[in-house]
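To keep things clear, I will list the structure first and then write my remarks on it.
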Amino acid sequence: QIAKYKKAFGLSILYSVIATIITLLISYPMAYFMTKMKVSSQKMIMVIVMLPMWMNFLIRTYSWITILANKGLINTFLTSIGLHPVKLINIPGAVILGMVYDFIPYMILPIYTVMSKIDNSLLEAASDLGSNGFSRLRNVIIPLSFPGVISGITMVFVPCVSTFYISQKLGGNKNLLIGDAIEYLFNSGPDFYNVASALSLVLMVMILICLFVMNYFTDREEATVL
């Protein structure tokens, strides 16, 4: 049993890290280009980003079952054009996709908020000193937006590592995550409450350690910038 729970912790961390990285790679350029748009366009994009969050979490997850199922929208389209169906559900990639989709707004919002507050005069000064677009991004925008990045990573990684419903519906229970294990033990009756509570405590300690490390790097980066 201990080996099974260790594997569950390992898979939870691995999936969460991959999902967080993918979310960051999508969210950072999106937030950057949003700050370059007109104010009206920024508001419209923000509504589009926030719109899925107005729907129930379960409904959003179930919608991906309809899309990724063996006879779902994607495979139906592939079959209609003469291609073979592809297995898109009950695999690790589907779980990671569900994590990215459900939690990407929590990455975009803090990065966009920090970027939108960057003083344009700093970018103009960098241009006057001969910096090109890439140099301004590397030396000005990224350091100043680092607190937003850390906040986004925290807000995505923490719910990803403790999630359970996404892995059940999109992963087919083939790869047990720690959230699945805790839910299963609590639903198994009072005899298993002690094990479930112990796993919950370990998960909470792990999350607190992650928050402490991320806050440390955030404070260090802000001190460097100042």
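Atom OH of Y106 sits in a sparse spot, with 12 or fewer heavy atoms from other residues, nucleotides or ligands closer than 6.0 Å. When the shell of 6.0 Å around NZ of K36 is examined, it contains more than 12 heavy atoms from other residues, nucleotides or ligands. Counting non-hydrogen atoms of neighbouring residues, nucleotides and ligands closer than 6.0 angstrom, the OH atom of Y165 exceeds 12 such neighbours. Shown here is K87, whose NZ atom has more than 12 heavy atoms of other residues, nucleotides or ligands within 6.0 Å. Remark: F33 CZ is loosely packed, at most 12 non-hydrogen atoms of other residues, nucleotides or ligands lying under 6.0 Å away.
The side-chain heavy atoms of V161 and I207, taken from C-beta on, include a pair separated by under 4.5 Å. In this structure the side chain of D102 reaches within 4.5 angstrom of the side chain of F57, judged on heavy atoms. Side-chain atoms of S167 and L177, non-hydrogen and from C-beta on, do get closer than 4.5 Å to each other. Between L170 and W64 there is a side-chain heavy-atom pair separated by less than 4.5 Å. Taking 4.5 Å as the limit, some side-chain heavy atom of P52 sits within range of a side-chain heavy atom of Y101. Counting heavy atoms from C-beta on, the side chains of L78 and H84 never come closer than 4.5 Å. Side-chain contact between L109 and M50: present, with at least one pair of heavy atoms (C-beta onward) separated by less than 4.5 Å. Between I108 and I26, every side-chain heavy-atom pair lies at or beyond the 4.5 Å cut-off.
Atom CD1 of I22 and atom OG of S27 lie 11.0 Å apart (nearest 0.5 Å). The NZ atom of K7 sits 11.5 Å away from atom CG of L14, with the distance rounded to the nearest 0.5 Å.
Partners of P105 under the side-chain contact (heavy atoms from CB on, under 4.5 Å) rule, at least two apart in sequence or in another chain, are V49, M53.
Cluster membership for V39 and M46, using ILVMFWY side-chain heavy atoms within less than 4.5 angstrom, is not shared. Hydrophobic clustering (side-chain heavy atoms under 4.5 Å, transitive across Ile, Leu, Val, Met, Phe, Trp, Tyr) groups M37 together with L51. Both W54 and F103 are assigned to one and the same hydrophobic cluster, defined by single-linkage of ILVMFWY side chains at heavy-atom distances under 4.5 Å.
Remark: the backbone N or O of C160 is not paired with any side-chain donor or acceptor of T163 at under 3.5 angstrom.
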side-chain contact (heavy atoms from CB on, under 4.5 Å) assessment of I141 paired with M115: CA-CA 7 Å; I141 297 176; M115 279 189 177; 4.0 Å; yes
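Judged purely by distance below 3.5 Å, without hydrogens or angles, the side chains of Q42 and Y112 pair a donor atom with an acceptor atom. Checking S188 against Y193 by side-chain atom types alone, no donor-acceptor pair falls below 3.5 Å.
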Listing, residues 69-76 side-chain donor-acceptor contacts under 3.5 Å, not counting sequence neighbours, or none:
unit_1, atom_1, unit_2, atom_2, d
N75, OD1, V86, N, 2.7
N75, ND2, A69, O, 3.1
N75, ND2, N70, O, 3.4
N75, ND2, V86, O, 2.9
T76, OG1, K71, O, 3.3
T76, OG1, G72, O, 2.6

